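Inspection log for the structure reproduced underneath, given as structure tokens.
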Amino acid sequence: MIEKLLHYYKPSILTNTSQLKRIGKGISAQLETTLRKSGFTTQPLEDLAQNTLYKIILCTDKDYYPYVNINGDKIENNLTACFFKRESRQKAIEHIAALCRKAKTIYVYDKYSFQGGANVELLKAIFPTKQLTVVYDSQYLDVAMLRAHCEKWTFVDRTLPEYHDRYLVLDDELEIILTSGFDYLIKTEKEFTYIVRPVSRRRFQL
């Protein structure tokens with residue numbers, strides 16, 4: 001429970017005198033005076049949440065806004081990196097390569113970034129040179145150059161479902177979402193964001 005709570009925790013939190021008394025939490029006279037002077041007294045938690053930065057309430061039993069269920073919720077706290085225009089993406093490339101290093105199976109999905117053989121060199125740099133199964137859709141990726149690069153790689157061509165975002169999925173355990181696609185993991189003309197999250201629902205299957 002504590003681990004799940006800490007996973008979502010972001011300072012600072014906000015409470016009021018009513019909540020502290022309701023949970024039997026003893027508070028100092030100084031804190032109570034400070035809360036009262038700030039107007040944080042008896043308002044509902046939903047109203048209190050609107051005075052916080054993220055506008056949410058962590059809980060264990062509700063799934064509707066403004067509540068976020070720490071046992072599983074659509075609102076997640078994942079690892080994210082954002083790059084502005086003209087910022088180097090080298091750190092992102094190195095991080096994604098490290099995430100791929102021990103993978104046995106990698107699903108590659110990007111409908112646009114690999115047209116005409118573009119960005120294949122990037123995949124060569126990211127994928128580990130070891131036994132690896134690469135699942136791809138030949139509508140969007142020609143793997144001829146990848147086959148020649150590493151004889152330890154096995155390729156499985158599958159018609160993959162339609163998605164808007166671009167993905168690398170590692171062993172059906174971890175997924176890397178590239179919001180602008182692989183193009184902008186190299187190019188710096190536009191912003192680029194990637195998200196690393198545990199797989200909660202399979203997007204692709206062999």
Side-chain angles (χ1 to χ4, degrees), residues 1-89 91-92 94-96 98-100 102-103 107 109 161-181 184-185 190-205:
M1 177 68 72
I2 293 176
E3 183 178 351
K4 291 178 180 179
L5 181 63
L6 291 177
H7 175 70
Y8 275 98
Y9 174 76
K10 291 182 180 294
S12 62
I13 61 173
L14 184 60
T15 187
N16 60 18
T17 56
S18 179
Q19 183 187 32
L20 291 172
K21 289 178 180 178
R22 185 168 62 251
I23 65 175
K25 177 68 174 177
I27 59 175
S28 67
Q30 181 181 4
L31 176 57
E32 183 168 6
T33 299
T34 299
L35 289 172
R36 289 189 180 280
K37 283 183 176 180
S38 300
F40 301 133
T41 55
T42 61
Q43 61 268 74
L45 294 181
E46 292 84 355
D47 293 344
L48 197 63
Q50 299 311 307
N51 290 288
T52 67
L53 180 62
Y54 293 101
K55 314 287 192 253
I56 60 173
I57 303 168
L58 300 182
C59 70
T60 59
D61 58 352
K62 298 180 180 68
D63 296 309
Y64 54 88
Y65 181 79
Y67 294 93
V68 173
N69 191 329
I70 64 173
N71 292 316
D73 200 281
K74 282 296 183 181
I75 296 178
E76 300 174 335
N77 187 19
N78 296 310
L79 196 62
T80 305
C82 300
F83 296 83
F84 292 106
K85 292 180 182 179
R86 295 180 292 279
E87 278 192 316
S88 169
R89 283 84 203 268
K91 186 172 185 177
E94 291 176 9
H95 180 213
I96 293 171
L99 292 172
C100 293
K102 293 186 177 181
Y107 293 77
Y109 183 82
E162 288 277 336
Y163 289 111
H164 171 73
D165 287 329
R166 287 77 157 190
Y167 298 90
L168 285 177
V169 181
L170 316 180
D171 294 329
D172 274 331
E173 295 178 354
L174 196 71
E175 63 183 15
I176 304 166
I177 305 171
L178 302 97
T179 58
S180 303
Y184 294 98
L185 188 51
K190 293 183 179 180
E191 300 84 1
F192 173 76
T193 298
Y194 70 97
I195 303 163
V196 182
R197 64 187 295 272
V199 170
S200 58
R201 179 179 176 183
R202 287 187 175 183
R203 299 182 189 278
F204 313 112
Q205 292 186 0

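Since the structure is predicted, the reported quantities are computational estimates derived from the model, not experimental observations.
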Measuring only between side-chain heavy atoms, which start at C-beta, is [X] closer than 4.5 Å to [Y]?
X    : Y    : answer
P66  : K55  : no
P198 : N78  : yes
I96  : L185 : yes
T52  : I13  : no
I70  : M1   : yes
N77  : Y9   : no
E175 : V169 : yes
Y54  : V68  : no

Counterpart residues, side chain to side chain contact (heavy atoms under 4.5 Å, CB included), relative to [X] (two or more places apart):
X    : result
S180 : Y184, F192
L174 : L99, L170, V196
T42  : S18

Just how far is it from atom [atom1] of [X] to atom [atom2] of [Y], taken to the nearest 0.5 Å?
X    : Y    : atom1 : atom2 : result
T179 : K190 : OG1   : NZ    : 11.0 Å
L35  : Q30  : CG    : CD    : 10.5 Å
K25  : L31  : NZ    : CG    : 10.0 Å
I176 : Y167 : CD1   : OH    : 12.5 Å
D73  : D63  : CG    : CG    : 6.0 Å
E46  : I56  : CD    : CD1   : 13.5 Å

Exercise for the section: Inspect the surroundings of CD1 in I2 and state if more than 12 heavy atoms from other residues, nucleotides or ligands are less than 6.0 Å away. Expected result: no
Problem - Neighbour count above 12 (heavy atom, 6.0 Å) for Q50 CD - result: yes
Problem - Set of residues satisfying ring pair (Phe, Tyr, Trp, His ring centres under 6.0 Å) with respect to H95, sequence neighbours excluded - result: Y194
Handout entry: Distance-minimising heavy-atom pair for A49 and I57
Key = CB-CG1, 3.7 Å
Would you mind writing out the side-chain donor-acceptor pairs for residues 80-87 within the sub-3.5 Å range, not counting sequence neighbours?
unit_1: E87; atom_1: OE1; unit_2: F84; atom_2: N; d: 2.6

Handout entry: Trace of the side chain to side chain contact (heavy atoms under 4.5 Å, CB included) decision for T41 with R36
Key = CA-CA 6 Å; T41 55; R36 289 189 180 280; 3.9 Å; yes
Exercise for the section: Pick out which of N69, T60, N71 makes a side chain to side chain donor-acceptor pair (under 3.5 Å) with K4. Expected result: N71
Exercise for the section: Can you run down the ring pair (Phe, Tyr, Trp, His ring centres under 6.0 Å) pairs that involve residues 58-81, sequence neighbours left out, and say none if there aren't any? Expected result: Y64-Y67
Practice task
Please say which of T17, N16, L20, T34 ends up in a side chain to side chain contact (heavy atoms under 4.5 Å, CB included) with F40.
Solution key: N16
